[in-house]
Amino acid sequence: MNNIKMKIGFIDCLIFASICASFVYKIIGVDVPWQWGPFFRIVTIFLCLCAGIRLPKFQQKEVNIFLLFSIPILLVSLYSIIIMLINGSDSSFFSRLLSNFLQLYLSYAQILFIYLRYNKKGFKILVYCAVVESIFSIISGIIVYGIKPSIAYFIDPNLEPYGQGAALFTQHDMAFAMAFILFFYIFSKSRKTKIDWLAILFVLLVIYLADKRIEIPSILVLPFLYKLLKNRSKIFLSMFIKIFFIIVTAFSFIFLFAIYSGIIDQLIDKFQINTSGRTFLWDTTFSFTPFSFSYHGIGFRMASKVLFPYLSNYRNLGYTSEISLHNDILDTYVGVGFLGLFSWILIWAFIIPKKILKLFSTKTLIVYLVAIIYSFITYSTDNTMTYSIFQSLFMALIMHFFYEEKRDQK
């Protein structure tokens, strides 16, 4: 796969446009409704069908990858329905769950159909769509912010209060997802063209403008893990999966204990860390969630619903009107409880990598491990678990290396 060389027809242009549109979250400073993304993902799927694809068989490996990512979302949604019925939750909880489910499920389905249409070319098409959307976001930010303030921000993103400028020029979802594009270029064997180098430079620009403090060190460190695991035997990798699962589980619950016990607050105060209001939201959850083995949750991603009455206090601290925990580990615990969080970690950190090791090559597994470690790092400080673009490019990255595996076996 040296270059993308293919006949591009009118319907392919429409597919490209629909993918770009599905990545858009904001137009000239105004948020699009949540239905925007799912609608254009359905459009992408429909157009791929119209363009002519071979409908997948259940045993196809592309479908296996789709199932590995989508079944956990289905299971946690079904569990949440049961919990919300037991808790007597009102209809707004169920509509929130439906919107979360549709956004994630359709994100994965969109990636599946893109690959069924374009095969090994799928990821680079997604890269170009991400670049186009990011250019649109930057232009929109300049229109809203003004040319001179924009230039000042480009020179030093720290001139503005943390996150204010970043929210205008980039979207959080895309900014975090850019790491998967860099992993693709670092780990892939494909020869890089001039367009690819331009894409890499633009991806780095977006990461710089987004000013995500957790992302840059993760991108710098994780390729060394890839090097460490590369060419290792299946026995070694199987043992690594077990150790990884134990570490992630221990970290997650120790992290939760540190939040609930106030240790995190003490460390943040001691080192004067700017959390952008995160600790206020974390501390607020103590009023309605115990840290207990018997705690069963209020429904997946429902913490923001319960936090909404505290919105005015949050605004008084000088933060935006959007209220969310910015901590997917805590958010998942609040949503599905102690055993639910353990089961979630078990699926993503143990069961899925074991399945990948069984069904695919060791390289596909190593890329997955790097990607899931990066994901868990972001989960500790943000909401990327339900970010549509983030999860889309995560799945697409694994799908791409499956195609590299097929090519290497020829």
Look only at the side chain of [X] and the backbone of [Y], and say whether a donor-acceptor pair between them is shorter than 3.5 Å.
X    : Y    : result
N327 : D382 : no
Y295 : V334 : yes
N100 : T386 : no
S361 : T364 : yes
S18  : I15  : yes
S95  : S92  : yes
R41  : S22  : yes
K212 : T378 : no

F394 and its ring-ring contact (aromatic ring centres under 6.0 Å, His included) partner, picked from Y368, Y379, F176, F123: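 Going through the options one by one, the only one that passes is Y368.
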
Partner of F300 by ring-ring contact (aromatic ring centres under 6.0 Å, His included), out of Y79, W344, F101: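 That would be W344; it is the only one of Y79, W344, F101 passing the ring-ring contact (aromatic ring centres under 6.0 Å, His included) with F300.
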
Give, for atom [atom1] of [X] and atom [atom2] of [Y], the distance between the pair rounded to the nearest 0.5 Å.
X    : Y    : atom1 : atom2 : result
L104 : Y387 : CG    : OH    : 12.5 Å
C50  : R117 : SG    : CZ    : 10.5 Å
I111 : S70  : CD1   : OG    : 12.5 Å
L397 : I65  : CG    : CD1   : 10.5 Å
Y105 : S77  : OH    : OG    : 10.5 Å

Whether over 12 other heavy atoms sit under 6.0 Å from I195 CD1: no

Residue I147 excluded, over 12 heavy atoms near CD1 under 6.0 Å: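 Counting other residues, nucleotides and ligands, CD1 of I147 stays at 12 neighbours or fewer.
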
Is there side-chain contact between [X] and [Y], with heavy atoms separated by less than 4.5 Å?
X    : Y    : value
M84  : L97  : yes
I243 : M239 : yes
Y118 : D12  : yes

Verdict with supporting geometry, F390 and F180, ring-ring contact (aromatic ring centres under 6.0 Å, His included): CA-CA 8 Å; F390 184 94; F180 295 127; 4.8 Å; yes

Nearest heavy atoms of K26 and F136, plus distance in Å: O-CE2, 3.7 Å

Over all atoms of both residues, closest heavy-atom pair of T384 and S375: OG1-O, 4.2 Å

cation_pi(R96, F93) dist<6.0 Å, angle<=45: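 Judged by the rule, R96 and F93 form no cation-pi pair.
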
Test ring-ring contact (aromatic ring centres under 6.0 Å, His included) applied to F360 and F402, step by step: CA-CA 7 Å; F360 306 103; F402 156 65; 5.6 Å; yes

Evaluation steps, side chain to side chain donor-acceptor pair (under 3.5 Å), between T44 and Q110: CA-CA 7 Å; T44 302; Q110 180 190 40; 3.2 Å; yes

Centroid-to-centroid, [X] to [Y], below 6.0 Å?
X    : Y    : result
W348 : F245 : no
F338 : F253 : yes
Y208 : F154 : no

Candidate list V370, V367, I366, T362, test side-chain contact (heavy atoms from CB on, under 4.5 Å), partner L229, passing option: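 One option only clears the test, and that one is I366.
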
Evaluation steps, salt bridge (charged side-chain N to carboxylate O under 4.0 Å, His left out), between K189 and E404: CA-CA 8 Å; K189 293 180 179 179; E404 278 206 1; 5.9 Å; no

Residue of the set E62, K61, K120, K121 for which side chain to side chain donor-acceptor pair (under 3.5 Å) holds with Y403: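 Output: one option passes, namely E62.
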
Pair S137-E133, side chain to side chain donor-acceptor pair (under 3.5 Å): steps then yes or no: CA-CA 6 Å; S137 293; E133 190 284 329; 2.7 Å; yes

From CA spacing to verdict: salt bridge (charged side-chain N to carboxylate O under 4.0 Å, His left out), D196, K124: CA-CA 9 Å; D196 291 325; K124 282 196 176 182; 2.9 Å; yes

